[in-house]
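Notes to accompany the following structure.
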Number of protein chains: 2
Amino acid sequence: MKQILIIDDDEKLGELLTQYLARYEMQAHVAMTPSKGFEMIKKLKPDLLILDVMLPEKDGFEVCREIRAKSSIYGQLPILMLTAHAEVTDRIVGLELGADDYLPKPFEPRELVARIHNILRRSGDDATLREIKPINGIDVDTSRREVKLDEVVLDLTTMEYELLILFMQYPNKTFTRDELMNRLRGIDAELFSRAVDTLVSRLRHKLGDTSKTPRFIKTVWGRGYTFIGEQR
Amino acid sequence: MKQILIIDDDEKLGELLTQYLARYEMQAHVAMTPSKGFEMIKKLKPDLLILDVMLPEKDGFEVCREIRAKSSIYGQLPILMLTAHAEVTDRIVGLELGADDYLPKPFEPRELVARIHNILRRSGDDATLREIKPINGIDVDTSRREVKLDEVVLDLTTMEYELLILFMQYPNKTFTRDELMNRLRGIDAELFSRAVDTLVSRLRHKLGDTSKTPRFIKTVWGRGYTFIGEQR
DNA sequence: CATCGATGATAAGTATTTGCTTCATCAGCT
DNA sequence: AGCTGATGAAGCAAATACTTATCATCGATG
């Protein structure tokens with residue numbers, strides 16, 4: 001699970017974000033001050049840092065600069081900055097500071113998640129960019145976001161694609177609906193809906209798969225679904 | 001991918017530049033001293049050299065002069081010089097030294113990228129000058145900056161042209177809007193604007209393409225756009 | 001300094017995706 | 001076989017994403 005450190009003195013925002021990010025398989029931690037932040041970076045070794053510009057002690061620019069300066073300690077920790085308004089753009093993202101992206105407040109939580117994924121992807125750390133081994137006739141080129149089934153290119157929607165990726169990363173693992181719901185970013189359904197079933201059904205359809213004699217996605221009655229790894 | 005060699009003793013700047021240039025499909029390498037630099041030029045055969053004026057051992061002017069003097073060894077390696085301040089201009093760019101361009105510190109990263117492209121273009125090595133294979137009825141003559149669709153010359157604006165070039169260099173690759181935004185130099189849009197969509201739309205229009213049954217540019221829903229390479 | 005073309009912003013109009021409902025079907029059980 | 005709860009699939013509707021016309025802005029040009 002991705003660890004996210006938030007340095008922001010707005011307690012409420014921190015909590016909301018923590019809660020929200022949890023839905024997307026990210027564990028957030030909040031540091032209210034820069035000094036606390038530095039401490040936590042060392043302890044937590046987060047995968048990404050969300051940094052508010054307005055902070056006590058020193059501002060976010062300063063913090064960012066410091067982290068970049070001491071890259072020997074902090075490495076290339078990806079940084080997303082939250083700015084009070086839409087100004088300053090290039091200065092932040094650009095070299096001078098070395099942040100990876102910025103987001104003006106107020107922002108949509110979705111937007112934040114999208115950006116986090118973006119950054120993680122750029123730093124080569126995201127699931128959707130990890131190499132996926134061809135299995136059973138399906139070949140995924142994650143850098144092109146292209147899926148081939150028996151050499152034929154498939155046209156998948158975002159959700160379908162992500163579901164497939166998830167399955168292929170863990171062939172033969174049985175996922176419960178709950179699990180799938182949580183692991184698929186952006187899924188936004190009622191607790192007891194059949195959204196997952198629907199999604200699986202649609203993916204199956206595009207894969208030319210049938211639930212009765214599945215080549216790819218097997219139904220595990222009472223539990224969930226399994227992506228079949230190898231023919232045996 | 002373009003190889004860029006940076007000779008600069010400022011470690012931090014080097015790292016940040018490396019990171020930043022990576023976004024634009026350029027692989028940067030840093031040499032902290034001139035002697036190390038010469039060594040790496042021979043090994044790497046970079047496409048362009050970024051040279052700081054302030055260096056240990058000998059200054060950037062000296063390095064530049066030496067490279068030009070030994071053109072039999074180093075060829076016409078394009079050189080971009082970084083100067084501490086805005087002075088000295090002509091001396092650097094002029095014949096005396098033979099640098100191709102200069103940029104005073106501090107600079108905007110965008111500006112640097114723009115200049116790199118400029119130099120590479122002049123030295124006939126840039127993407128916009130690289131040969132582009134005719135695809136699907138579109139034939140681009142990069143040296144004349146002329147685009148023919150089914151033997152008819154099209155009148156494209158700068159942005160449209162660059163977008164097309166980018167697409168044609170990576171047929172069948174799906175670009176996200178973010179990616180396009182970053183890769184198209186000169187694009188300067190707000191965070192949530194439809195600037196890219198607009199541009200695509202305009203290019204499509206001039207190509208006589210329709211979004212519904214695209215011959216060239218396919219919309220990848222939820223992701224971005226793809227230039228169709230071959231009919232399948 | 002007026003004009004024109006290029007380009008970004010905006011918003012109304014479409015299109016597609018996706019969650020939900022419903023109902024037929026199926027697995028597991030007695 | 002018959003019952004029960006789980007699953008599959010089709011259709012619908014709301015949410016979300018895309019297209020494009022139009023306007024505003026900016027810079028180049030004369």
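Below, chains carry the letters A, B, ... as their sequence lines are ordered, and counting in each starts from 1.
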Open item on the list: Between P on C/dT7 and NZ on B/Lys206, what's the gap in Å once rounded to a whole number?
Closed with: 8 Å

Open item on the list: Please report the distance, rounded to the nearest Å, between CD in B/Glu162 and P in C/dT7.
Closed with: 9 Å

TODO: Round to a whole Å and report the spacing from CG of A/Leu199 to P of D/dA10.
DONE: 15 Å

Open item on the list: Between A/Asp155 and B/Arg202, which residue's closest nucleotide on DNA chain C lies nearer the 5′ terminus?
Closed with: B/Arg202

Task: A/His205 NE2 to C/dT18 C1', straight-line distance once rounded to whole Å - done: 15 Å

Task: Length of the line joining B/Ile217:CD1 and D/dT20:P, which is rounded to integer Å - done: 11 Å

TODO: Return the value, rounded to whole Å, for the distance between atom CG of A/Leu156 and atom P of C/dT18.
DONE: 10 Å

TODO: Return the set of residues passing side chain to side chain contact (heavy atoms under 4.5 Å, CB included) with B/Asp141 (not counting sequence neighbours), or none when no residue passes.
DONE: B/Ser143, B/Arg144, B/Glu146

Open item on the list: If you only use heavy atoms from C-beta on, which nucleotide in C/dT7, C/dC26, C/dC20 is closest to the side chain of A/Ser193?
Closed with: C/dC20

Open item on the list: Suppose we screen for salt bridge (Lys or Arg N to Asp or Glu O under 4.0 Å). Which residues come up paired with B/Lys206, at least two apart in sequence or across chains?
Closed with: B/Glu160

Open item on the list: In this structure, how many angstroms lie between the C1' atom of C/dG19 and the CG atom of A/Leu180, rounded?
Closed with: 15 Å

Open item on the list: Out of the candidates A/Leu163, A/Leu180, A/Thr174, only one should pair with A/Tyr225 under the side-chain contact (heavy atoms from CB on, under 4.5 Å) rule; please name it.
Closed with: A/Leu180

Quick one: which protein N/O atoms are closer than 3.5 Å to N/O atoms of nucleotides 4-8 of chain D? Pair and distance per line, please.
| from | atom 1 | to | atom 2 | distance (Å) |
| --- | --- | --- | --- | --- |
| D/dT7 | OP1 | A/Arg177 | NH2 | 2.8 |
| D/dT7 | OP1 | A/Gly222 | N | 3.0 |
| D/dT7 | OP2 | A/Arg177 | NH2 | 3.0 |
| D/dT7 | O5' | A/Arg177 | NH2 | 3.3 |
| D/dG8 | OP1 | A/Arg204 | NH1 | 2.8 |
| D/dG8 | OP1 | A/Thr219 | OG1 | 2.6 |
| D/dG8 | OP2 | A/Tyr225 | OH | 2.7 |
| D/dG8 | N7 | A/Arg194 | NH2 | 2.8 |
| D/dG8 | O6 | A/Arg194 | NH1 | 3.1 |

Task: Sequence-distant partners of B/Asp150, salt bridge (Lys or Arg N to Asp or Glu O under 4.0 Å), two or more places apart - done: B/Arg215

Open item on the list: Checking B/Thr213 against B/Thr210: is there a side-chain donor and acceptor pair closer than 3.5 Å?
Closed with: yes

Task: Listed partners of B/Arg204 passing salt bridge (Lys or Arg N to Asp or Glu O under 4.0 Å), at least two apart - done: none

Open item on the list: Tell me every residue that passes side chain to side chain contact (heavy atoms under 4.5 Å, CB included) with A/Pro214, counting only those two or more places apart in sequence or in another chain.
Closed with: A/Asp209, A/Lys218, A/Ile228

Open item on the list: Does a side-chain N or O of A/Thr157 approach OP1 or OP2 of C/dT18 to a distance below 4.0 Å, or not?
Closed with: yes

Open item on the list: Please tell me if B/Thr198 has a side-chain N or O lying less than 4.0 Å from either OP1 or OP2 of C/dT7.
Closed with: no

Task: Whole angstrom value for the distance that separates C1' of C/dT18 from OH of A/Tyr161 - done: 19 Å

